[in-house]
2 protein chains.
Amino acid sequence: MPAPERTSTEAIVAAGRAILEESGPASLTMQAVATRVGVRAPSLYKRVRDRDALLTAVAEAAIDELGSRLADSDSDSASGTGTGNSGADLTKLAEVYRAFAHEHPESFRLMFTASAPVDALHRASEPVLRAAAALVGEADALDAARLFTAWATGFLQMELSGVFRLGGDVGRAFDYGLRRLLAGLTA
Amino acid sequence: MPAPERTSTEAIVAAGRAILEESGPASLTMQAVATRVGVRAPSLYKRVRDRDALLTAVAEAAIDELGSRLADSDSDSASGTGTGNSGADLTKLAEVYRAFAHEHPESFRLMFTASAPVDALHRASEPVLRAAAALVGEADALDAARLFTAWATGFLQMELSGVFRLGGDVGRAFDYGLRRLLAGLTA
DNA sequence: ACCTGAACACCGTTCAAGT
DNA sequence: ACCTGAACACCGTTCAAGT
């Protein structure tokens with residue numbers, strides 16, 4: 001006999017994301033997800049291997065959303081697909097990245113914790129690679145993109161965890177870092 | 001009646017660190033720590049508020065060890081307490097930092113996860129602040145130190161999590177990033 | 001004054017039994 | 001073909017009872 005599906009993988013992942021941002025990773029339990037989706041916990045194992053796989057799926061969904069925003073911001077400023085624009089593209093990407101981290105702090109944390117979905121991260125960071133290539137050329141593009149991404153990610157993680165709370169305006173420190181970093185790339 | 005102490009906070013934290021590096025954070029349970037220390041799990045609560053406090057203490061111990069190494073490397077090269085040395089001090093600090101992360105990957109991860117002990121991190125990063133001041137002056141020292149620390153931390157986290165595994169020599173990317181970053185700071 | 005057995009609440013996961 | 005109750009193993013934590 002058939003038996004209609006009472007939920008879906010997408011609904012489960014969406015529930016996971018919502019719980020994560022509302023109540024933190026410790027509250028993201030199989031039971032909480034099941035309840036929010038209107039099903040019993042054991043049913044989740046029909047769609048998701050285990051809790052770790054669910055966390056990875058949630059991280060991947062967040063990364064994909066970030067990727068869309070980065071791609072959008074990229075197409076905004078890329079009216080002329082020219083070369084070296086003095087870092088305007090990377091500046092825009094940095095702002096979009098920071099806004100996303102502030103908007104979804106728990107998802108941002110999870111993106112680099114958990115068994116990070118490397119493929120998704122590579123997909124999402126493609127606009128950064130393109131902007132870096134425009135600034136420093138193809139030969140150094142990968143290294144430059146890694147410099148930019150590592151700085152932005154480390155900075156935002158520290159900002160969110162409160163390490164930067166003492167002393168000085170954090171926004172000013174972000175701008176300073178970005179300016180110096182771009183100066184170093186174009187030196 | 002007295003009753004001799006059968007363990008100590010230091011032994012508990014040391015056991016936690018050992019388990020963390022040997023088997024990962026999921027294996028760092030109260031029971032595992034208690035067994036390694038020769039006591040029953042409930043006894044741990046006489047010295048440690050809860051598991052979260054234990055994780056924080058383990059992170060703090062790791063940060064203190066990192067701090068010692070950074071301070072040592074600093075005193076090495078600081079034969080002349082002069083000014084701008086073209087970034088040799090920061091280069092040395094970056095190498096020590098990277099070596100520590102490779103040696104204690106799980107501790108390194110925990111340092112920026114968990115309820116990060118902000119004070120300990122500030123203590124440990126003091127050599128970075130000094131080296132940054134020597135390079136760019138007191139006025140920009142804090143922002144410069146944050147640029148350096150954010151980049152190094154983000155880079156090492158991504159390296160350890162395998163995000164950088166594809167494409168190019170990771171060590172070369174680290175050197176490139178450091179070189180460009182120093183160029184930006186001295187521009 | 002410290003340690004422990006017993007107990008409780010909670011979680012992840014499996015599986016036979018339901019429809 | 002999907003869902004569920006029941007069960008199991010495991011964990012964090014509390015506390016009265018031991019010495």
Side-chain angles (χ1 to χ4, degrees), chain A residues 1-61 106-107 109-110 113-117, chain B residues 1-61 106-107 109-110 113-117:
Chain A
M1 290 303 124
E5 317 194 341
R6 231 162 284 189
T7 185
S8 67
T9 305
E10 300 87 62
I12 290 169
V13 173
R17 293 190 70 186
I19 294 169
L20 176 67
E21 285 301 340
E22 286 168 17
S23 325
S27 299
L28 181 34
T29 68
M30 299 300 275
Q31 316 233 25
V33 170
T35 300
R36 188 180 258 256
V37 140
V39 98
R40 300 290 183 171
S43 300
L44 299 179
Y45 293 84
K46 205 108 251 188
R47 333 245 172 206
V48 160
R49 188 159 34 87
D50 54 18
R51 182 171 182 266
D52 214 65
L54 174 55
L55 289 177
T56 301
V58 169
E60 194 159 356
E106 295 290 355
S107 298
R109 267 191 201 89
L110 184 66
T113 318
S115 23
Chain B
M1 291 304 127
E5 315 195 339
R6 232 163 285 187
T7 185
S8 67
T9 306
E10 299 85 63
I12 291 169
V13 173
R17 293 190 70 187
I19 293 169
L20 176 67
E21 284 302 339
E22 285 168 18
S23 326
S27 299
L28 180 33
T29 69
M30 299 300 275
Q31 317 234 24
V33 171
T35 299
R36 186 179 260 255
V37 138
V39 99
R40 300 290 182 169
S43 300
L44 299 180
Y45 292 85
K46 204 108 254 187
R47 333 244 173 206
V48 160
R49 189 159 34 84
D50 54 17
R51 182 172 182 265
D52 214 66
L54 175 56
L55 289 177
T56 300
V58 168
E60 196 160 355
E106 295 291 355
S107 298
R109 267 192 201 88
L110 183 66
T113 318
S115 23

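Throughout, a chain's letter reflects where its sequence line sits, starting with A, and its residues are numbered from 1.
- Rounded to whole Å, atom C1' of dA1(D) lies 9 Å from atom CD of Glu5(A).
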Restricting both atoms to N or O, compile the protein contacts to nucleotides 5-7 of chain C shorter than 3.5 Å, with distance only.
| unit_1 | atom_1 | unit_2 | atom_2 | d |
| --- | --- | --- | --- | --- |
| dG5(C) | OP2 | Arg40(B) | NE | 3.3 |

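- The partner of dA6(D) is dT14(C), by the rule that a Watson-Crick or G-U pair needs both atom distances under 3.5 Å.
- Side-chain proximity of Thr29(A) to the nucleotides dG12(C), dG12(D), dT13(C) is greatest for dG12(C).
- Contacts of Thr7(A) with the nucleic acid, taken as non-hydrogen atoms under 4.0 Å apart, involve only primed sugar atoms and P, OP1 or OP2.
- Leu44(B) has its CG atom 12 Å from the P atom of dT14(D), to the nearest Å.
- The side chain of Ser43(A) places no N or O atom within less than 4.0 Å of a non-bridging phosphate oxygen (OP1 or OP2) of dC2(D).
- Residue Arg49(B) is out of contact with every strand shown, counting any heavy-atom pair closer than 4.0 Å.
- When side chains are defined from C-beta on, Leu54(B) counts as touching Met30(B), because their heavy atoms get closer than 4.5 Å.
- dC10(C) atom P lies 18 Å from atom CZ of Arg51(B), rounded to whole Å.
- Atom CZ in Arg47(B) sits roughly 8 Å away from atom C1' in dC2(C) (whole-Å rounding).
- Arg6(A) CZ to Lys46(A) NZ: the interatomic distance, rounded to the nearest 0.5 Å, is 13.0 Å.
- Separation of atoms CG (Leu110(B)) and OG1 (Thr56(B)) is listed at 8.0 Å; rounding is to 0.5 Å.
- In this structure, Met30(A) places its CE atom 13 Å from P of dC3(D), rounding to the nearest Å.
- Summarising the geometry, the separation between CD1 on Ile12(B) and P on dC2(C) is reported as 12 Å, rounded to the nearest angstrom.
- In this structure, CD on Glu60(B) lies 10.5 Å from OG on Ser115(B), to the nearest 0.5 angstrom.
- The distance from atom CG of Leu54(B) to atom P of dG12(D) is 10 Å, rounded to the nearest whole Å.
- Of all the heavy atoms in Ile19(B) and Arg36(B), the pair that sits closest is CG1-NE, 3.7 Å.
- Across every strand in view, dT19(D) sits in a pair with dA1(C) that passes the Watson-Crick or G-U test at under 3.5 angstrom.
- Taking all atoms of both residues into account, the shortest heavy-atom contact from Ala53(B) to Val48(B) is CB-CG1, 4.3 Å.
- The shortest distance between side-chain heavy atoms of Glu106(A) and Leu28(A) does not fall below 4.5 Å.
- Atoms CG (Leu28(A)) and P (dC11(C)) sit 12 Å apart, rounded to a whole Å.
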